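In this text the structure is predicted, and so the values were computed from the model without any measurement. Read the numbers this way: they start at 1 and go in the same order the structure lists the ligands and their atoms. Starting from 1, each residue takes its place in the sequence as its number.
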Amino acid sequence: MSDPATLTPAEAEAELATLAAEIARHDRAYHEQDAPLITDAEYDALRRRNAALEAAFPLLVRADSPSRRVGAAAASGFAKIAHGVPMLSLDNAFGAGDFTEFCDRIRRFLGLKDEALEFVAEPKIDGLSISLTYENGAFTRGATRGDGLVGEDVTPNLRTMKSVPERLNDPHPPARIEIRGEVFMTKADFAALNEAQEKSGQKIFANPRNAAAGSLRQLDASITATRPLSLFAYAMGEASEKVADTHWHWLKRLEDWGFTVNPLSERLAGAEAAEAFQARIAAERAGLAYDIDGVVYKLDSLAWQARLGFVGRAPRWAIAWKFPAEQATTVLEAILIQVGRTGALTPVAQLTPVNVGGVLVARATLHNEDEIARKDIRVGDTVTLQRAGDVIPQVVAVLTDRRPANATPFVFPTTCPVCGSHATRAEGEVVRRCTGGLTCPAQTEERLIHFVSRPAFDIDGLGEKSIREFHAEGLVRSPADIFRLPAHEAAIAQREGWGELSARNLSAAIRARQTIPLARFIYALGIRRIGEANAKLLARHYVTFANWREQMRAAATIGSEARSDLNNIIRIGPAIADELIEFMAEPRNLAVLDDLAALLTIEDAAQAADSGALAGKIIVFTGTLETMTRPEAKARAEALGARVTDSVSKKTDLVVLGSDAGSKARKAAELGVRTVTEAEWRALAGME
Ligand code: IVH
């Protein structure tokens, strides 16, 4: 990066514009979507560069400069609350030099000699700041920071938190007082929440901060109530009267009122004491229950704070002394491919173990194959690792000058390392997935649970718990094994919690489901993107299992009639079609499918649904159809058991007249063959 002093004003102006846009983009990702795109260290670097350029070119400071803004605008969905006193941010210090400078600035501003300044030091939690207003001791409203001036009204959400007192514990509370603090999630609560989220197929949070923000900013406060959120109170907003002379006493008041103040907070004097505190907290950091990224030092005297005031987005009386991003270098020994329960292939770096910020790290995520290619990460490389707030360490850079001569670019596997099925990547997606869902040991357990779920085979007495047990013991490895369970009835009866009656009932329930409608059967296979609705569409279209199986195989050939037929089914887009084709192209899936089908009676869809309203009928379409294509109309007719021909004869049962129907319409009239309009056809074919 070039020294600001060497830039022309035009260059500086252009760079400031880029920085403003970049920082705004990251602010939105972080504050509104709770999904940061870069590490905190990278973000801080952007802001520092912006500040350096603005210092060198004060006339070029933009109206929308990031230095004048905090965070992101309040997101829609919540009512807005204007903060009486802006909720600002903090300037950063990255070492003892920065801190001494900060002290010198305060002394200069206040005209003090070189006596030691008194500070209160508080660990800087990585969460989100909130404001709580109490009127005559009662909690009346709470808001997020938003852009610092206007935040979101999250009062009902905050009321669900145990650490937000409904009333201040004080017989004579101030008429009005605003308390500020940090909402956060402990590392343990975060891990438990993510595990539960993953189990129920919901969004996984990148780190505790995002989890806390995402949990608090729920439009439905009852969701917030289920999330383990904590709060440390640490600052004052608007106040109707003076409640303390020093910040330290303010913290004591907060505790008396019933708030939790970070117990590690300390009052200290001078830069040396601050440096010692910084070192001590850095050493304790890894063992703390929550993530911190530095220590906030606040001048203790509130009178001095008032005199110092603010500059830009930050107070002159406080500073956040950040820990250096926790980085280390080590050797990448291998790239392992993990297969998740949904079949996603995730590359993981196996590393020569190294200490990163007090934690021994032997593995790091590599995200996906594009990321490996982008960073050109190779086995044998020396890499820089980082744990920056995030729990999972990341590979941030490759030290290419230390690359062994024989290191070759990593080739991402196209088969599943667990089961050998082919692994494919849908257009526009970053994740490569194993297609052997039914056989892949990494996925079978989840697939089996889906298989017996209510909209699928819905087997009474065979729920998630039993499936997990039977699977773990090898009793049920594939869907077909479920239908072999009755053969093990005696053994099941012996199991704890079972007994003869339940075992017999289970066998009966399984046999009762050996006859199954085609739509349920297709749904039960758990093919990606094939939910209940699509399974029904497919079943109606292909009618029989044998036909469906054959057509899906044939559709693998690009340009085939089967492919265009599949693409023509209403609502089955190309992405869905591809999933089906890939599933059927995997021989392992076919083996499981056929093994299963041999044990079942799969009911034809037309019989099950509309019991072949048009079974055996001969239909002719003529003229231009307005609401469907010819192949679609034909497929629908066939799905209902009819045969579609081109010419009208005495044998024809029905002629569907599109617009401009000509000779065929006349012929039908001559022969006395029944004719219907397109709309009547739709009604007849159940397409409404
Ligand atoms: S005081 C005007 N104290 O850090 C001073 N902030 O970078 C306002 N934070 O928005 C903040 N721990 O989200 C303060 N003990 C602490 C803090 C703290 C974490 C966060 C807060 C703030 C951000 C500023």
| Charged tip of Arg48 within 45° of Phe94 ring normal and under 6.0 Å | yes
| said: Among Tyr297, Tyr234, Phe232, which one puts a heavy atom closest to atom 17 (C) of ligand 1? | reply: Tyr234
| task | Output every pair passing salt bridge (charged side-chain N to carboxylate O under 4.0 Å, His left out) with a member in residues 128-137, not counting sequence neighbours, ordered by first then second residue. | result | Glu135-Arg176
| request: Kindly identify the option in Met87, Lys124, Arg313 whose heavy atom sits closest to atom 23 (C) of ligand 1. | output: Lys124
| query | Which is closest to atom 2 (C) of ligand 1 in terms of heavy atoms, Pro315, Ala121, Pro123, Pro86? | reply | Pro315
| task | With heavy atoms under 4.0 Å as the rule, classify the contact between Val296 and ligand 1 as side chain, backbone, both or neither. | result | side chain
| query | How about Glu272: does its CD atom have over 12 heavy atoms from other parts shown lying under 6.0 Å from it? | reply | no
| Proximity winner for atom 9 (N) of ligand 1, if only heavy atoms of Arg180, Glu122, Glu182, Met236 are counted | Glu182
| task | Drop me the distance from Arg47's CZ to Ile23's CD1, to the nearest 0.5 angstrom. | result | 5.5 Å
| request: Enumerate the atoms of ligand 1 whose separation from the nearest heavy atom of Leu90 is less than 4.0 angstrom. | output: 5 (C), 6 (N), 7 (O), 24 (C)
| Near Ile125, which atoms of ligand 1 are under 4.0 Å from a heavy atom of that residue? | 12 (N), 19 (C)
| query | Short list, please: which atoms of ligand 1 are under 4.0 Å from a heavy atom of Ser89? | reply | 7 (O), 24 (C)
| message | I'd like to check whether Trp317 has a polar contact with ligand 1, where a contact means an N/O of the residue lying under 3.5 Å from an N/O of the ligand. | response | no
| Exercise: do Glu118 and His247 side chains pair donor with acceptor under 3.5 Å | no
| query | Heavy atom of Ala318 under 4.0 Å from ligand 1? | reply | no
| Ionic contact status for Arg253 with Asp170, cut-off 4.0 Å | yes
| message | Can you list everything that forms a side chain to side chain donor-acceptor pair (under 3.5 Å) with Lys252? Sequence neighbours excluded, please. | response | none
